[in-house]
Amino acid sequence: MTAPTSAPPVPAPLAWLAPGPLPARRGLALLGWGLAQPLLGLRVVVREPALLKAAAWPVLLFAGFCVLVALGTEDDGAGRLDIFLTTLVTLAPAPVLLFGKTYRRLAAAARVPLGLSPRTAEMPGLRTAIADAVRQAILLGIGLVPVWLAFELVQAFWPAAAPGFVWIAWAVTGFWALHWIVVEALDNGHTVDPAAPVGAAAPQVDPWFVRLWQVPLLRKFSGLLRRLSRPWRRELQLVASHPELVLGFGLGVAAMLAVPFVALVFRPAAVVAAVHVLGRVDEAAPPA
């Protein structure tokens, strides 16, 4: 009898769908690893009954609310479907605030299935969550002001170039939106290490968009950006130190969250993916 052969090695793309460390190489390897993380998060949520149960509650409650609104305002099926979809799209940002603590508990519960050390949930209050949402909306708007001003100047002084500049403006807008999608996703994946010192300081390096405006005439403006972005210093530091990983992760999360109802269903997968990214980046970091 011949000895049993070993199982064939798992191809790299499939290996990325199982929890594991960061790839040794940067560049495309890290980009692909980041891109696969939302699918990894979805796979872990589906395979773990406790995570699936925790992830289902926000979906069922929010979808049930939208159904009740539709049933109470229209009598025909087409009208109810239209109201259901309108309510879903209008209130799409609400689950992040209403079920924030559920997602934080999900993040803590996902660490052991992901092969990471256990931690406790980080629990900001509702007031903090609302304030952070307002800060992020202001930062998003402020970031688009220079794009709008540049377009107006091009349209005024070089009208022939305006159609081409529209594509540049859309690209910059998409990059800025993707940047904050990543920051929000990573923020939802944070957990608390019981062994860490109490009140451990966040990184003190200014984000790139703050440094961009640090010129003599715009010091106050850069100071405003610094204050607004302070809650996300850890996430912004990760964005700066792992750009390929963050680009892949952001594209994967953005694809999942592009459609409102799909976003509601897949948001728990994005949270679990963020937990895995943060955990593996922490593992790969040199000791302080």
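Among the candidates V239, I181, L186, L35, the single residue satisfying the side chain to side chain contact (heavy atoms under 4.5 Å, CB included) test with F249 is L186. Shown are R230, R233, R227, R211; of these, the salt bridge (Lys or Arg N to Asp or Glu O under 4.0 Å) with D206 is made only by R233.
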Can I get a per-line list of side-chain donor-acceptor pairs under 3.5 Å for residues 114-122, giving both atom names and the distance, sequence neighbours left out?
| unit_1 | atom_1 | unit_2 | atom_2 | d |
| --- | --- | --- | --- | --- |
| S117 | OG | R111 | NH2 | 3.3 |
| T120 | OG1 | V192 | O | 3.4 |
| E122 | OE1 | R104 | NH1 | 3.4 |

Anything under 3.5 Å between a donor and an acceptor, one on a side chain of residues 55-72, the other on a protein residue two or more places apart or in another chain? List them.
none

Between side-chain atoms of residues 128-143 and protein atoms elsewhere (two or more places apart, or another chain), which donor-acceptor pairs fall under 3.5 Å?
| unit_1 | atom_1 | unit_2 | atom_2 | d |
| --- | --- | --- | --- | --- |
| D132 | OD1 | R135 | NH1 | 2.8 |

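Within the structure, the ring pair (Phe, Tyr, Trp, His ring centres under 6.0 Å) test picks out no pair touching residues 112-141 (sequence neighbours left out).
When the ring-ring contact (aromatic ring centres under 6.0 Å, His included) test is applied to W176, the partners found at least two apart in sequence or on another chain are H179, W180, W208, F209. Listed by chain and residue number, E244 satisfy the salt bridge (charged side-chain N to carboxylate O under 4.0 Å, His left out) test with R26 (two or more places apart in sequence, or in another chain).
Side-chain atoms of R47 and P113, non-hydrogen and from C-beta on, never get closer than 4.5 Å to each other. Counting heavy atoms from C-beta outward, V277 and V246 have side chains that stay 4.5 Å or more apart. Counting only heavy atoms from C-beta outward, the side chains of L42 and M256 approach each other to under 4.5 Å. Side-chain contact between E184 and N188 is present, with heavy atoms from C-beta onward closer than 4.5 Å.
Panel note: side chain H276, backbone G20; a donor-acceptor pair is recorded below 3.5 Å.
The two residues V45 and P268 have their closest heavy-atom pair at CG2-O, 4.2 Å.
Rounding to the nearest 0.5 angstrom, the gap separating the CD atom in E235 from the CG atom in L278 is 7.5 Å.
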